[in-house]
2 protein chains.
Amino acid sequence: MKIINKNVDYALRSLIHIAKENGQVVSVSNLAEREKISKAFLRKILQILNKEKIVNSIKGKSGGFVLAKIPNEIFLMDLINIFQGKIKLLDCFVKKNICPQKKECILSKKMEKIEKMLIFEIKNISLASLLNGDGKDKPI
Amino acid sequence: MKIINKNVDYALRSLIHIAKENGQVVSVSNLAEREKISKAFLRKILQILNKEKIVNSIKGKSGGFVLAKIPNEIFLMDLINIFQGKIKLLDCFVKKNICPQKKECILSKKMEKIEKMLIFEIKNISLASLLNGDGKDKPI
DNA sequence: TTAAATGATACTATATTAGTATCATTTTGT
DNA sequence: ACAAAATGATACTAATATAGTATCATTTAA
Ligand code: SF4
Ligand code: SF4
């Protein structure tokens, strides 16, 4: 049971890659080759990131993508929300008001606590925090 | 994106239910009706729990299921492992040794930290801990 | 003017999750 | 004895999510 899917992983790796180019335009061909990811698949991901204004696209020959925000304004949580939807540890029936045990349910309370913790930790991961320590980037 | 699936939720709810019967045999018909869950679906779940020795089955008329362990020896983590496999926050390519960024990857380190935290918290949830405070059960 | 890029979108394939159905076997209660 | 009610085993279907491919249109720098 994996929690983060390939779209998110590839999106993140692409963003790290683009960030390291310091504003230079990066094409999908370039990215795909260097990251060993299918070009067609990566294109789709970058197109979504463009629509979501995480990156800006430059059309035409020698076009490609650049970051639309600075790295400390891009979060892993954004990517998860875009590609996988909101994180729900347990898709609890309390919310749908149909659970016969809801009045006395300790599970839902415990789960909500853990869910909050998980979300807090993931929210804390910015693109910038993933670049630090690498050398090529400027710490923020 | 929900993390815990219906098998696990239903299994847990069934176990809570069975635990509250204090050793009395509970049939799937009974469970299904009281929890408003499809009987055929629940049967399959209970059969798996039986194979995994979480519950014991009693065959024949007036048969059903009882817990095979005491509630503080049954963990949510067991159910997740049985029905969804091992929790992996990020199914990282480092483990498969094919990631071009692995040497300098901060993401995988951060993810491992969060994954450990998540697993620790979930490991901490026993069936007993979900019964406490209800009144019908004996705290352990 | 053409090569190389993105935009938009439709399509296919695979895996996971959810749910149903059937027949065999066991055992209690009458 | 025997029918009713339960589980065991297993095969099947349906729905959804994930992963990946393909195509045509448009843009633009070389
Ligand atoms: S049993 Fe608890 S966790 Fe499960 S659906 Fe009901 S309220 Fe939610
Ligand atoms: S980029 Fe990091 S997290 Fe992603 S596969 Fe490579 S090592 Fe793992």
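Below, chains carry the letters A, B, ... as their sequence lines are ordered, and counting in each starts from 1. Everything numeric here is computed off the predicted structure, so don't read it as measured data.
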Could you tell me which residues satisfy side chain to side chain donor-acceptor pair (under 3.5 Å) with [X], sequence neighbours excluded, listed by chain and number?
X	result
B:N30	B:R34
B:S38	none
A:Q84	none
B:S62	none

Contacts of [X] that satisfy side chain to side chain contact (heavy atoms under 4.5 Å, CB included) - sequence neighbours left out:
X	result
B:K51	none
B:E33	none
A:Q47	A:R43
B:K59	none

Got a list of protein N/O to nucleotides 26-30 of chain D N/O distances below 3.5 Å?
{"residue": "D:dT27", "atom": "O2", "partner": "A:G60", "partner atom": "N", "Å": "3.4"}
{"residue": "D:dT28", "atom": "O2", "partner": "A:K61", "partner atom": "N", "Å": "3.2"}
{"residue": "D:dA29", "atom": "O4'", "partner": "A:K61", "partner atom": "O", "Å": "3.4"}

Determine: side-chain N/O of A:S29 to OP1/OP2 of C:dA5, distance under 4.0 Å, yes or no.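 Result: yes.
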Hey, does B:I58 reach any base, or is it just sugar-phosphate, or nothing, if we go heavy atoms under 4.0 Å?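 Sugar-phosphate, backbone atoms only, no base.
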Tell me every residue that passes ring-ring contact (aromatic ring centres under 6.0 Å, His included) with A:F41, counting only those two or more places apart in sequence or in another chain.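 With neighbours one apart ignored, the set is A:Y10.
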Report each atom pair, protein N/O against N/O of nucleotides 14-17 of chain D, whose distance is under 3.5 angstrom.
none

Rounded to whole angstrom units, what separation is found between the CD atom of A:Q47 and the P atom of D:dG20?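 To the nearest whole Å, that distance equals 17 Å.
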Where along nucleotides 16-24 of chain C does protein come under 4.0 Å, by heavy atom, of base (B) or sugar-phosphate alone (S), with - for untouched nucleotides? --SBB-B--
